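In this text the structure is predicted, and so the values were computed from the model without any measurement.
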Amino acid sequence: MIYVSLITGILGATIAYWLNNHFKWGPILGSALPSLLVGLVFHFFPFQTHYDTMIPVVFFGASFVGMASDKMMGNVIWACIAGAIFGLTFYITGNQFEGYGGLLGTTAGVSCLIILGIRVLGKKFKLS
Amino acid sequence: MTTPPNKIIETLLLLIIHGSFVAFLMLENSSSNITFWVATSLTVIMLLGYVFQNHHDHTATKQHGDFWFVSIATGAIITYIISKDLGLGPVIASSLVGVGAAFIPKISVRKINIDPAAIYCGSFIGMCDLYSYSNYSFIMIASFFGALLYWSLQNSFLGYGGKLGSIAFGSVLCASLIFSIL
């Protein structure tokens with residue numbers, strides 16, 4: 001299950017990041033449109049597993065990571081890593097905050113700040 | 001529009017929101033050593049991100065608008081209706097509102113300055129599904145706090161992913177606190 005969460009997180013963040021920054025769709029459309037498509041697919045054509053609920057939620061949350069600008073995120077590799085961190089955090093938190101609006105966005109915000117922290121550390125130790 | 005708070009207060013506001021989230025996460029997982037230490041390590045790295053967060057992306061889309069409370073409340077209520085009353089669920093509801101909001105600047109009347117990001121932020125509040133609170137008065141109070149936070153953070157953390165969701169989460173926490181007191 002953690003692999004599904006990680007892969008979905010990476011996909012959600014990367015697709016939204018590409019649409020936002022490279023195709024210039026802007027952060028809102030870049031996040032909302034792919035999430036809407038994924039949500040509709042799993043709603044109307046369910047695979048009858050618990051992933052039918054989980055995958056759209058993780059994809060939607062990870063797409064908030066992709067709302068970050070190029071300048072803040074750096075490049076698409078960092079967006080992938082941030083998406084993976086989102087997937088991992090979502091897996092750890094599970095359903096503990098279920099029903100709280102904004103939980104996914106907060107997790108995405110924390111993931112982005114972690115990326116910023118890693119990049120700062122990388123510069124300090126000449127890793128990037 | 002009045003001037004928002006200074007940079008330190010803006011940072012503290014978001015830090016409190018993220019701190020509440022991380023504290024809850026760590027307390028809930030304190031029995032699991034690995035999870036606890038992973039969360040602690042990530043928190044330390046996140047704090048480094050906060051310390052060096054003044055690398056704003058000034059080229060990022062700035063938040064501008066005239067009716068933030070109305071925009072946030074509208075986004076929240078439409079999302080709630082689509083999610084609960086139409087039964088399509090929070091993800092489809094919020095992303096549908098987001099897609100609609102993204103096209104607003106292109107079709108709106110020029111004199112009315114609506115911020116699509118505020119509507120999208122409101123849609124996250126509308127994703128609420130707290131069994132004891134889920135009603136329209138809760139959404140309106142959360143939207144009020146959302147507008148306050150949105151105004152406070154309008155010039156900070158530009159270009160950061162998850163900012164709108166963090167605002168929504170903070171406003172839902174504030175509304176929950178008010179409702180639990182009442």
Side-chain angles (χ1 to χ4, degrees), chain A residues 13 16-17 25-29 31-40 42-43 53 56-57 59-61 63-73 79 82 85 88-89 92-93 96-121, chain B residues 14 17-18 21-22 24-25 28-29 35 38-39 42 44-53 55 57 59-61 76 88-89 91-92 94-99 101-102 116-117 120 124-131 134 142 158-173:
Chain A
Y17 182 82
W25 282 20
I28 299 174
L29 196 60
S31 157
L33 191 59
S35 302
L36 178 63
L37 293 176
V38 171
L40 287 172
F42 279 89
H43 185 80
T53 312
V57 171
F59 189 94
F60 185 48
S63 77
F64 303 150
V65 171
M67 289 174 80
S69 70
D70 235 347
K71 194 174 175 185
M72 182 263 150
M73 191 60 81
I85 292 171
L88 179 70
T89 315
I92 293 171
T93 53
Q96 287 163 6
F97 268 48
E98 192 175 16
Y100 272 84
L103 167 66
L104 297 172
T106 309
T107 312
V110 169
S111 304
C112 284
L113 281 160
I114 288 169
I115 287 297
L116 196 64
I118 292 172
R119 290 182 63 194
V120 167
L121 280 176
Chain B
L14 209 63
I17 295 169
H18 287 162
F21 167 74
V22 173
F24 185 89
L25 174 65
E28 285 296 310
N29 292 288
T35 309
V38 167
L42 293 179
V44 171
I45 299 170
M46 183 187 81
L47 288 174
L48 270 174
Y50 263 104
V51 172
F52 294 94
Q53 65 84 26
H55 305 293
D57 181 2
T59 58
T61 310
L88 288 174
V91 173
I92 293 177
S94 178
S95 51
L96 194 60
V97 168
V99 170
Y120 200 34
F124 304 150
I125 294 174
M127 290 172 77
C128 258
D129 190 19
L130 298 168
Y131 296 112
S134 289
L158 297 171
Y160 281 71
K163 177 183 166 182
L164 299 178
S166 301
I167 291 172
F169 184 64
S171 57
V172 168
L173 280 183

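When every heavy atom of B:G161 is checked against every heavy atom of A:A68, the shortest pair comes out as N-CB, 3.6 Å.
The side-chain contact (heavy atoms from CB on, under 4.5 Å) search around A:L37 returns none, not counting sequence neighbours. Considering only residues two or more places apart in sequence or on other chains, A:T106 meets the side chain to side chain donor-acceptor pair (under 3.5 Å) condition with none of them.
Residue with the most contacts toward chain B among A:L104, A:I115, A:V38, A:T107: A:T107 (heavy-atom pairs, distance under 4.5 Å). Considering only heavy-atom pairs separated by less than 4.5 Å from chain B, the leading option among A:L33, A:V110, A:V65 is A:V110. With chain B as partner, the option from A:A32, A:C112, A:A13 having the largest number of non-hydrogen pairs under 4.5 angstrom is A:A32.
Rounded to the nearest 0.5 angstrom, B:L96 CG and A:L40 CG are separated by 7.5 Å. Of the inter-residue distances, the one linking A:F42 atom CZ with B:I92 atom CD1 reads 11.5 Å to the nearest 0.5 angstrom. For the atom pair B:S166 OG and A:L103 CG, the distance stands at 10.0 Å (nearest 0.5 Å).
B:Y120 is not listed as a side-chain neighbour of A:P27, based on a closest heavy-atom distance of 4.5 Å or more.
With a 4.5 angstrom heavy-atom cutoff, B:L14 does not touch chain A via any of its atoms. For A:S111, no part sits under 4.5 Å from any heavy atom of chain B, backbone or side chain.
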